[in-house]
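Here is the structure we will look at.
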Amino acid sequence: MRRPLIAGNWKMNTTINEGVALAKGLVDFSKTLNKDRDILICVPFTALYAIKQVVDGSKVRLGAQNMYFEEKGAFTGEISPVMLQDIGVDYVLIGHSERRQYFNETDELLNKKIKAALSHNLKPILCVGETLEQREKKIEKETIKKQIVNGLLGISADEMKKITVAYEPIWAIGTGKTATSEQAQEMILYIRNILKDIYGEEISDNTIIQYGGSVKGQNASEIMSKSDIDGALVGGASLKLEDFIQIISY
Ligand code: PEP
């Protein structure tokens, strides 16, 4: 019913040539993959156009890691949904914890970005996650609920069909610390239930909810075996072709 989505987030890594080489390797691999899953790479803005030429017509989808919500204008340094659409980007990460943490992105801003992405036919991946401190204070669920409810404010059920959610506990990102599959399953089920309250059972049952946080070839199968986890958002391990292939092949 829900097709797993394995997404790589390259973050601020790769030159154009490095990115093209990695994407070519992935496209070659994807031709041999006979498992039912979607593959996505979210690459730096500078490499989007070149990599689009590589992945075009293949099973590999292309994503950006961020965007601004305005279409154009005096917003020096920003990239608009129109520009991403022009390249032929399929997905865009919205609210990755590094954006929230280092660039002060708020739920209110992210909500505007989601709406802008949708109105330009880009599929948003809304990233949510709690800090270690919030988990230790046992406020991880209310933190996630706030991020989901405020991030999705004013989004219709029809629009929700185009949105993916990624649960990424901040304490597990780039730290080598993975949430246990039980912790990930528990929170993702919690998110699914929030979506059920807002949008009803059908939308909730059909929404792809990924786990992210130190996913590797060695732990991918265990994480993906959980009933509510529909794939992974992978940082570090998506930068090495063999490692990412191992995760995709779980
Ligand atoms: C991420 O960047 O979304 C991520 C989960 O990173 P890592 O896999 O390196 O923890």
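No experiment lies behind these values; they were computed from the predicted model shown. Residue numbers run from 1 in the order of the sequence given. Hydrogens, waters and symmetry mates are skipped; everything else that's a heavy atom, side chains included, is used. All ligand and atom numbering here is 1-based and tracks the order in the structure.
The distance from ligand 1 to the heavy atoms of Asn9 drops below 4.0 Å at these ligand atoms: 1 (C), 2 (O), 3 (O). Atoms of ligand 1 lying under 4.0 Å from any heavy atom of Ala172, numbered from 1 in the order shown and given with element: 10 (O). Proximity to Gly213 (heavy-atom distance under 4.0 Å) selects the following atoms of ligand 1: 5 (C), 10 (O). Atoms of ligand 1 found under 4.0 Å from any heavy atom of Ser214, numbered from 1 in the order shown, are 7 (P), 8 (O), 10 (O).
Heavy atoms from other residues, nucleotides or ligands lying under 6.0 Å from NZ of Lys146 number 12 at most. The neighbour count for Asp28 CG, taken as heavy atoms of other residues, nucleotides or ligands under 6.0 Å away, is above 12.
Between Gly174 and ligand 1, at least one pair of N/O atoms sits closer than 3.5 Å. The N/O atoms of Gly235, backbone and side chain alike, include one that comes under 3.5 Å of an N/O atom in ligand 1. Between Glu98 and ligand 1, a contact under 3.5 Å exists for no N or O pair.
Among all protein heavy atoms, the one lying closest to atom 1 (C) of ligand 1 is His96 NE2, 3.2 Å. Scanning all protein heavy atoms for the shortest distance to atom 3 (O) of ligand 1 gives Glu168 OE2, 2.6 Å. Shortest contact from atom 9 (O) of ligand 1 to any protein heavy atom: Gly236 N, 2.8 Å.
Residue Lys11 comes nearest to Glu98 through the heavy atom pair NZ-OE2, 2.8 Å, listed as atom of the first residue, atom of the second, then distance. When every heavy atom of Glu105 is checked against every heavy atom of Asn66, the shortest pair comes out as OE2-OD1, 3.8 Å.
Thr131 pairs with exactly one of Glu133, Gln134, Arg135 by the side chain to side chain donor-acceptor pair (under 3.5 Å) rule, that one being Gln134.
Side chains of Glu222 and Ser181: a donor on one and an acceptor on the other come within 3.5 Å. Side-chain contact, Gln185 with Asp228: a donor N or O sits under 3.5 Å from an acceptor N or O.
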